[in-house]
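Notes to accompany the following structure.
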Amino acid sequence: MVTGAGSGIGRACTHVLADAGFAVAACDVDEAAAAAAASGTGAVVPFAVDVTDDASVAALAIAVAARMPPVFAVVNCAGWDQTLPFLETDPAFWQKVVAVNYLGVVRVTHTFLGAMVERGAGRVVNIASDAGRVGSSGATVYAGAKGGVIAFTKSVAREVAARGVTANAVCPGPTDTPLFRRQPERLQAALERAIPMRRLAAPHDVAHAVAYFTSPGADYVTGQVLSVSGGLTMAG
Ligand SMILES: NC(=O)c1ccc[n+]([C@@H]2O[C@H](COP(=O)([O-])OP(=O)(O)OC[C@H]3O[C@@H](n4cnc5c(N)ncnc54)[C@H](O)[C@@H]3O)[C@@H](O)[C@H]2O)c1
């Protein structure tokens, strides 16, 4: 199951996981985008969900249970931000950033984790951000939420490690998606220049790291944080 499946990294995760043999529930608040992500691929089924809404996520669990095999992996990829200096932000903005980027991950994980624990098998892969590891000016509250996602992932990993479920975080660096392209052009160019590999990540670069954490080869890997950033961040 992939949230934020309608665009960018989530869409790439949907396709890479389908290519790896998974049946994929492609979930997004933008129903048409989820449907587009699913079109032309027999293994992908679109679902509408708003990860900020309890009732919507509860309804998703029922809909997915009715139409899909038991959920083995949850990829929390839905995210949102707007570049603004911290001093120009207000409480409504903070609440939206935290609702989507942090509590959305908490809510979806809480909804699907119990069944994984009961089956003794499962994977949680949370898309955090290098902003959450090293900070990011103009993305201050978002960076805090993503740092929260990293700490949450490690804590979930500890709680369920003996129950056959792993939890890991993938931290994209600047990645060529609509979210990235909404930033001021000067900032986009500066970020691209700073990347040692001298190019933005493509969404599939990130999706392959996600696929690794869902693969049998990652059975013994939990509570880890993997940056996919062309060398921009080399966090210790
Ligand atoms: N693009 C980057 O440079 C970059 C860098 C670091 C981390 N990330 C993270 O990667 C993830 C994917 O980002 P992207 O760049 O592909 O963005 P994107 O804007 O292309 O896609 C995000 C998707 O999430 C969906 N979404 C937003 N709010 C939602 C909600 N409440 N419920 C359900 N779906 C919702 C959107 O409809 C959209 O389809 C996000 O968590 C983002 O924070 C992106």
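The analysis underlying the following values was restricted to heavy atoms, covering all of them including side chains, and did not include hydrogens, waters or symmetry mates. One-based numbering, in listed order, for ligands and for the atoms of each. Keep in mind that what you see is a predicted model, and the values were worked out from it rather than measured.
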Minimum heavy-atom distance Gly79-Asn101, with the two atoms named
CA-OD1, 3.3 Å
Sole residue of Asn126, Thr222, Asn76 in side chain to side chain donor-acceptor pair (under 3.5 Å) with Thr153
Asn126
[X] heavy atoms, cut-off 4.0 Å: which ligand 1 atoms fall inside?
X      : value
Asp50  : 30 (C), 31 (N), 32 (N)
Gly4   : 23 (C), 24 (O), 25 (C)
Phe180 : 1 (N), 3 (O)
Gly8   : 16 (O), 20 (O)
Val49  : 32 (N), 33 (C)
Gly173 : 3 (O), 5 (C)
Cys77  : 11 (C), 12 (C), 40 (C), 41 (O)
Pro174 : 3 (O)

For [X], is the nearest heavy atom under 4.0 Å from an atom of ligand 1?
X     : answer
Ala33 : no
Ser56 : no
Thr52 : yes

Yes or no on side-chain hydrogen bond (donor to acceptor under 3.5 Å, both in side chains) for Thr233 and Arg133, after CA distance, side-chain angles and deciding distance?
CA-CA 9 Å; Thr233 46; Arg133 306 188 89 177; 5.7 Å; no
Heavy atom under 4.0 Å from ligand 1: found in [X]'s side chain, backbone, both, or neither?
X      : value
Ala128 : backbone
Lys146 : side chain
Thr175 : both

Take atom CZ of Arg119 as the centre, draw a 6.0 Å sphere, and report whether it contains more than 12 heavy atoms from other residues, nucleotides or ligands.
yes
Over 12 foreign heavy atoms within 6.0 Å of CZ, Arg181
yes
One pair to check against ring pair (Phe, Tyr, Trp, His ring centres under 6.0 Å): Trp80 and Phe93. What are the steps and the verdict?
CA-CA 11 Å; Trp80 181 84; Phe93 177 79; 5.8 Å; yes
Contact between Val74 and Met116 at the side-chain level, heavy atoms closer than 4.5 Å - yes or no?
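Result yes, sub-4.5 Å side-chain heavy-atom pair found.
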Do Val134 and Phe180 sit in one hydrophobic cluster, given that two such residues count as connected whenever their side-chain heavy atoms are within less than 4.5 Å of each other, even indirectly?
no
Decide side-chain contact (heavy atoms from CB on, under 4.5 Å) for Leu200 and Ile195; before the verdict, give the C-alpha distance in whole Å, the side-chain angles of both, and the deciding distance to 0.1 Å.
CA-CA 8 Å; Leu200 297 174; Ile195 297 170; 4.2 Å; yes
Within-cut-off N or O pair, Asp30 and ligand 1, under 3.5 Å:
no
Does ligand 1 come near enough to Thr177 that some N or O of the ligand is less than 3.5 Å from an N or O of the residue?
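Right, the criterion is met.
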Looking at Lys146 and Asp81, does any basic side-chain N land under 4.0 Å from a carboxylate oxygen?
no
Determine, considering heavy atoms only, which of Asn101, Leu179, Leu200 sits nearest to atom 19 (O) of ligand 1.
Leu179
Quick one: sort the Phe72 and Phe22 rings into parallel, tilted or perpendicular, breaks at 30° and 60°.
parallel
